[in-house]
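Scope of the values below: all heavy atoms of this structure, side chains included, with no hydrogens, waters or symmetry mates. Starting from 1, each residue takes its place in the sequence as its number.
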Amino acid sequence: MRWLLVLSWIAFTSCRSQALPEPFASLERGVAEEVRQVALGGEGYARMLSGWLLVDREEVPLAERAEYAWRYALFLEGVKAFEPGWEAKDAWRKAARLLLEAQDPRAFSAWQRLLPEEEAVAALLSLGEGERLWEALFQGRAYEALLQVLPLGVRPDLRAQALFRLGRYGEALPFYREWARRDPRGYLGLGYALWRLGRRAASPSGEHLEEALEALARYPHPESRYAQGRILEELGRTLEAVEAYRRSTPEGLWRAAGILERQGLVRQALALYLDLGRGGSPYADDAALRAYFLAGELGLAESRREALNLVQGGLGLLLGKEPLPPPPAPSSSPPPEASLVEALVAFGKEAWARGVVRYALWQRPGDWPALVPFLYRLGAYREGIRAAWPTLLAYPRPYREWVEGYAGKEGLDPNLLYALLHVESRFDPLARSPTGALGLGQFLRSTWEDVARMLGEPPADPFDPEASIRYAARYLRWLMDRCAAYRGLEQVACAVTAYNGGVGYTLRGIAREGGLYAFLRFQERDEPREYLAKVLSAYAAYRAIP
């Protein structure tokens, strides 16, 4: 073993003694004229990066710097990297200011990407007019500015929707009516605006809701019928709601089946669940699972067999079905960037190496089978999984020693812990959710502190991958123990739902509904239901991968 370490050290020092490969050696030296030559005549990521390094150098002509900023912002926008410092918005801000100063017509497009920031609004008001400006302000959610510049009598659709999104539903009504006279789609918005006003009223049976139903009835579209169903359900006219839902969206069918089941019309509910299960909506697997249990209660063997066949993905595990493994990735040869990436890594330039791979994937998306392993090696798991989805290559096993070690310590299947982390963060240790969840295990601060108390230690750093894996394993074990009334995959389903929705929410819901599967059907929130299906699907995939 010792001689392997010696050889590794010799190879490492040999690499370090050699020169950094060009053109990156020029970027490392930082001499402006050398960097400029790469920006003007180079290629690939080095050309992109060199131009970006020059955007603040005033000795470089303004138009040239604006061009560099524009193309680098386009690059960041295209690659959508999950890494601090790779956010496209900052690059667009720099590009927009340079393009504006250079009087380049692309400045409008650059500022548009920065809406609804005040500086962007001001810039667009000085650069554009008419339809182009109105559409840009609307798409950029700069609704107040749009209302100020949009002439009365012009584009009532934009004015109505802007007022609606500002919560000014009453003001929006005349403009929705004017839009509806020109285009029946306006009745959908009119119905929703009246619905919102009716909800604000003291009584849900107010005239606004009846008027909303009349408006929605004039636009024969599934989304309109879904809205009618929601209003009728709020008014207590459940059978009318069911009829509207039957002709609406998959979500409407899901709600209709639930109403019928609650009212004891189980055979009718079963028919709707089977109909949903035959489709391709996000409700298909949940509906097929519910149909399986209802058919069993009714003693309908043929319907139960059909439901069992319809249950696909991870939820099939709950019925003893092993889903088919994800398809393998196509075979591939090493990409032409392989040696450059290796050299950059050897010189400690991992950030540049990631840039090289990202640029290659941006330019040649079809080469993802060859490029994804390099993303994984460089720690860019979220991007690799996105590119490789839904093949086997989208299920890597990073942090293997920690995942298997802490799963073993807590008596968990490592594949389950991998599935949980895969869904929570795509193995990004710096992941942050809009709700404030942090790290690999996506813990809220309060839950993180609870787990620290379980472990009898001060809270660790939630962005430390080892700590996050250790806390996730401990917390999942604790949830499994809270779900000890169940065994096997039902216990897993209970614990996984609690990981997302909260243990109190889950156990109270199970008690209220009288069982796990009834709770999974009738829980108040959609997110835990969808989360369970995702985790079980990933769990099935990891179980299928050697």
Would you call [X] and [Y] a salt bridge, taking side-chain N to carboxylate O under 4.0 Å as the test?
{"X": "Arg358", "Y": "Glu83", "answer": "yes"}
{"X": "Lys94", "Y": "Asp90", "answer": "no"}
{"X": "Asp413", "Y": "Arg543", "answer": "no"}
{"X": "Arg141", "Y": "Glu117", "answer": "no"}

Regarding [X] and [Y], is there a side-chain donor-to-acceptor distance under 3.5 Å anywhere?
{"X": "Glu251", "Y": "Tyr226", "answer": "yes"}
{"X": "Tyr376", "Y": "Glu383", "answer": "no"}
{"X": "Tyr245", "Y": "Glu233", "answer": "yes"}
{"X": "Tyr143", "Y": "Gln161", "answer": "no"}
{"X": "Trp111", "Y": "Glu119", "answer": "no"}
{"X": "Tyr273", "Y": "Asp286", "answer": "no"}
{"X": "Tyr45", "Y": "Glu337", "answer": "no"}

Can any side-chain N or O of [X] pair as donor or acceptor with the backbone N or O of [Y] at less than 3.5 Å?
{"X": "Ser468", "Y": "Gly439", "value": "no"}
{"X": "His422", "Y": "Leu417", "value": "no"}
{"X": "Arg453", "Y": "Pro458", "value": "no"}
{"X": "Arg477", "Y": "Leu412", "value": "no"}
{"X": "Thr447", "Y": "Phe443", "value": "no"}
{"X": "Gln263", "Y": "Glu261", "value": "no"}
{"X": "Ser537", "Y": "Ala533", "value": "no"}

Closest heavy-atom contact between [X] and [Y]?
{"X": "Ser50", "Y": "Leu27", "result": "CB-CD2, 3.5 Å"}
{"X": "Ala142", "Y": "Leu115", "result": "CB-CD2, 4.3 Å"}
{"X": "Pro398", "Y": "Val403", "result": "O-CG2, 4.0 Å"}
{"X": "Gly501", "Y": "Arg525", "result": "O-NH1, 3.1 Å"}
{"X": "Ala387", "Y": "Val372", "result": "CB-CG2, 3.8 Å"}

So that I know where these two stand, are Phe427 and Tyr399 an aromatic pair - ring centroids less than 6.0 Å apart?
no
Is the number of heavy atoms from other residues, nucleotides or ligands under 6.0 Å of [X] [atom1] greater than 12?
{"X": "Lys89", "atom1": "NZ", "value": "yes"}
{"X": "Arg445", "atom1": "CZ", "value": "no"}
{"X": "Gln363", "atom1": "CD", "value": "yes"}
{"X": "Glu401", "atom1": "CD", "value": "no"}

Heavy-atom check, side chain of [X] versus side chain of [Y], under 4.5 Å:
{"X": "Trp195", "Y": "Arg199", "answer": "yes"}
{"X": "Arg47", "Y": "Phe75", "answer": "no"}
{"X": "Leu308", "Y": "Lys321", "answer": "yes"}
{"X": "Phe522", "Y": "Arg262", "answer": "yes"}
{"X": "Leu270", "Y": "Ser303", "answer": "yes"}
{"X": "Thr506", "Y": "Phe519", "answer": "yes"}
{"X": "Leu344", "Y": "Leu20", "answer": "yes"}
{"X": "Arg470", "Y": "Trp402", "answer": "no"}

Please step through side-chain contact (heavy atoms from CB on, under 4.5 Å) for the pair Trp52 and Val55, ending with a clear verdict.
CA-CA 5 Å; Trp52 181 245; Val55 295; 4.0 Å; yes
Has [X] got its NZ or CZ under 6.0 Å from the middle of the six-membered ring of [Y], at an angle within 45 degrees of the ring axis?
{"X": "Lys349", "Y": "Trp352", "value": "yes"}
{"X": "Arg508", "Y": "Tyr505", "value": "no"}
{"X": "Arg521", "Y": "Trp254", "value": "yes"}
{"X": "Arg482", "Y": "Trp478", "value": "yes"}
{"X": "Arg397", "Y": "Tyr418", "value": "yes"}
{"X": "Arg426", "Y": "Trp389", "value": "yes"}
{"X": "Arg474", "Y": "Tyr406", "value": "no"}
{"X": "Arg304", "Y": "Tyr292", "value": "yes"}

Take Glu530 and Tyr283, measure what side-chain hydrogen bond (donor to acceptor under 3.5 Å, both in side chains) needs, and give me the verdict at the end.
CA-CA 9 Å; Glu530 295 167 357; Tyr283 294 93; 5.3 Å; no
Go through the steps to decide whether Gln442 and Arg432 satisfy the test side-chain contact (heavy atoms from CB on, under 4.5 Å), and finish with yes or no.
CA-CA 7 Å; Gln442 286 293 276; Arg432 291 175 180 266; 5.9 Å; no
Applying the side chain to side chain contact (heavy atoms under 4.5 Å, CB included) test to Leu421, which of Leu440, Val535, Asp428, Leu416 qualifies?
Leu440
Can you measure from [atom1] ([X]) to [atom2] ([Y]) and round to the nearest 0.5 angstrom?
{"X": "Arg230", "Y": "Ser248", "atom1": "CZ", "atom2": "OG", "result": "11.0 Å"}
{"X": "Asn500", "Y": "Lys534", "atom1": "CG", "atom2": "NZ", "result": "9.0 Å"}
{"X": "Glu490", "Y": "Cys483", "atom1": "CD", "atom2": "SG", "result": "11.0 Å"}

Please evaluate residues Glu342 and Arg377 with respect to the criterion salt bridge (Lys or Arg N to Asp or Glu O under 4.0 Å), reporting the C-alpha separation (whole Å), side-chain torsions for both, the decisive distance (0.1 Å), and the verdict.
CA-CA 10 Å; Glu342 296 288 354; Arg377 179 180 173 188; 2.5 Å; yes
Working note: Leu260 + Val266, criterion side-chain contact (heavy atoms from CB on, under 4.5 Å); need CA distance, chi angles, decisive distance, verdict.
CA-CA 6 Å; Leu260 291 170; Val266 180; over 6 Å; no
ring-ring contact (aromatic ring centres under 6.0 Å, His included), that's the test. Do Tyr471 and Trp448 meet it? Break it down for me.
CA-CA 8 Å; Tyr471 277 46; Trp448 185 259; 3.9 Å; yes
Passes side-chain contact (heavy atoms from CB on, under 4.5 Å), Glu144 versus Leu166? Steps please.
CA-CA 8 Å; Glu144 292 285 6; Leu166 290 170; 3.8 Å; yes
Audit row: Phe164, Tyr192, ring-ring contact (aromatic ring centres under 6.0 Å, His included) steps and yes/no:
CA-CA 9 Å; Phe164 183 95; Tyr192 269 102; 7.0 Å; no
